[in-house]
Undergrad: 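Got a structure for you, questions after.
What you are looking at is a predicted structure, and each value in this text was computed from that prediction instead of being measured.
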Amino acid sequence: AKCVLAMAAAVCAAAPVMAQPVTFTGFANGSQAVRIDLTPNSPFESYTLQAGGFSTSYNGASFVSYCVDLFQWLPSFGTADNSYNLVSGASFFGSRLDAVSRLFSGFSGVANTPLASAAFQLALWEVAYETAPGAYNLTAGNARFVDANLADGNAVSLAQSYLNNLGAQSNSFQVSV
């Protein structure tokens with residue numbers, strides 16, 4: 001499973017290079033169902049899944065992490081993955097690292113409800129998967145997202161507001177995957 005491990009620089013610097021166990025114990029602040037469509041290279045269409053941050057333990061630290069790889073599944077909640085190798089955000093995200101760091105700097109602190117946590121996850125997936133030129137747009141381009149149930153709030157709309165305001169955020173998070 002690939003998750004963004006955004007944490008203080010001191011914790012990242014202390015992480016050894018060899019594989020360390022990582023455990024995801026559940027959704028940290030709840031989740032919401034969303035539908036995704038990654039075209040044209042997606043092996044699935046209109047796939048519905050839960051979006052939100054995970055309560056995570058890694059290398060003695062506990063924090064909230066987010067999925068960045070829709071094609072890898074987590075182990076069952078509470079089960080340690082003993083083969084996790086931390087990689088730098090720069091090597092995983094490349095030129096998108098600035099947007100990811102700004103997203104975490106500006107909005108991870110407010111992702112404390114099921115709606116906001118799902119919105120943060122959607123914004124992160126948009127940055128990670130969108131390949132169409134132009135501004136990030138959750139409902140157009142090659143990575144598209146739809147709320148599965150608008151009765152629980154509009155996570156897509158909230159995520160779009162995060163993305164629309166990335167430029168106003170600092171780039172102060174060290175991000176690892």
Undergrad: Can you measure from CG (Asp147) to CG (Asn154) and round to the nearest 0.5 angstrom?
TA: 4.5 Å

Undergrad: Working to the nearest 0.5 angstrom, can you tell me the gap between Leu70 CG and Ile36 CD1?
TA: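 Going from CG on Leu70 over to CD1 on Ile36, the span is 4.5 Å.
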
Undergrad: Say you draw a straight line from OG1 of Thr25 to CZ of Phe54; how long is it, rounded to the nearest 0.5 Å?
TA: 10.5 Å

Undergrad: Measuring only between side-chain heavy atoms, which start at C-beta, is Leu103 closer than 4.5 Å to Gln169?
TA: no

Undergrad: Kindly determine whether Phe27 and Phe77 satisfy ring pair (Phe, Tyr, Trp, His ring centres under 6.0 Å), including the steps that lead there.
TA: CA-CA 9 Å; Phe27 287 102; Phe77 285 145; 5.5 Å; yes

Undergrad: When rounded to the nearest 0.5 angstrom, what is the spacing between CG in Asn165 and CD in Gln160?
TA: 10.0 Å

Undergrad: For the residue pair Phe92 and Val100, establish whether any side-chain heavy-atom pair is separated by less than 4.5 Å.
TA: no

Undergrad: Taking Leu97's backbone N and O only, do any of them form a donor-acceptor pair with Ser101's side chain (distance below 3.5 Å, no angle check)?
TA: no

Undergrad: Which heavy atom of Pro21 sits nearest to which heavy atom of Asn82, and what is that distance?
TA: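 Residues Pro21 and Asn82, closest heavy atoms: CB-OD1, 3.1 Å.
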
Undergrad: Measure up the Tyr162 and Phe107 rings against each other and bin them: parallel (under 30°), tilted (30 to 60°), perpendicular (over 60°).
TA: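 Aromatic pair Tyr162/Phe107 classed parallel.
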
Undergrad: If you measure from CZ on Phe24 to CG on Leu74, what distance do you get to the nearest 0.5 Å?
TA: 5.0 Å

Undergrad: Give a yes or no on whether the backbone of Gly53 and the side-chain of Ser117 come within a donor-acceptor separation of less than 3.5 Å.
TA: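 At least one qualifying donor-acceptor pair exists.
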
Undergrad: Checking Asn137 against Thr139: is there a side-chain donor and acceptor pair closer than 3.5 Å?
TA: yes

Undergrad: Is Arg96 reaching over with its side chain to a backbone N or O of Val127, donor-acceptor style, under 3.5 angstrom?
TA: yes

